Amino acid sequence: MTFFTIPPQAILIVTHGIEEAVIMADRIIVLGRNPGRIRADLPVTLPHYRDRKHPSFQALVDKVYTIITNPELEKIESTATNSVQPATPPAKYQSLPAVRIGSIAGLLELLEDRQEKDLYRLAQELQLEVDEILPIVGIGYCQAIAYFTHN
């Protein structure tokens, strides 16, 4: 039996350990929350083997720690100096409505089999109120799995 291996082009590792990320990664992406977004994209240019006590290593660990512990900082642009700049207050984003995946799948299946795709009539047939069907439709639209025309 012959096995063929293809070297990976990329490996994604999720960690909460800053030093672990700096030791292993060639690129560190710091994520934000509510809504999830990329706060920083930092290239790691330190040569391997990475010494934890080296000043460059410690500086990068400190930078990532600063970004993580200061959520008021806007997305950090990676530059040669990798400076962290305080930003204007972040914009408020609307959270996605809580909708079960089965509701979205069911709606898509119903729409696929129908010639007429009037949401008002569909809501009546399913005995749903407008405030029950619109979040389902909205998620479908936001996730680009459903498109709508206004007639």
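Everything quoted here is computed from the prediction, not taken from an experiment.
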Does [X] have any side chain to side chain donor-acceptor pair (under 3.5 Å) partners at least two apart in sequence or in another chain, and if so, which?
{"X": "E125", "value": "R114"}
{"X": "E132", "value": "none"}
{"X": "T15", "value": "E20"}
{"X": "R100", "value": "none"}

- Item | Point-to-point distance, once rounded to the nearest 0.5 Å, from CZ of R39 to CG of N70 | 7.5 Å

- Task: Report the C-alpha distance between L31 and I38 in whole Å, list the side-chain angles of each, state the deciding distance to 0.1 Å, and finish with yes or no for side-chain contact (heavy atoms from CB on, under 4.5 Å).
- Result: CA-CA 5 Å; L31 299 176; I38 294 175; 3.9 Å; yes

- Task: Give me the one residue out of I28, I18, D62, L42 that meets side chain to side chain contact (heavy atoms under 4.5 Å, CB included) with I67.
- Result: L42

Identify the two heavy atoms, one from [X] and one from [Y], that lie closest to each other, and give their separation to 0.1 Å.
{"X": "H48", "Y": "I23", "value": "CE1-O, 3.8 Å"}
{"X": "L60", "Y": "V22", "value": "CD2-CG1, 3.9 Å"}
{"X": "I13", "Y": "M24", "value": "CD1-CE, 3.4 Å"}

- Got a sec, which pairs hit salt bridge (Lys or Arg N to Asp or Glu O under 4.0 Å) with one end in residues 21-31, sequence neighbours left out? D26-R50, R27-D41

- Establish whether V44 and Y49 are linked, either directly or via other cluster members, by ILVMFWY side-chain heavy-atom contacts under 4.5 Å. no

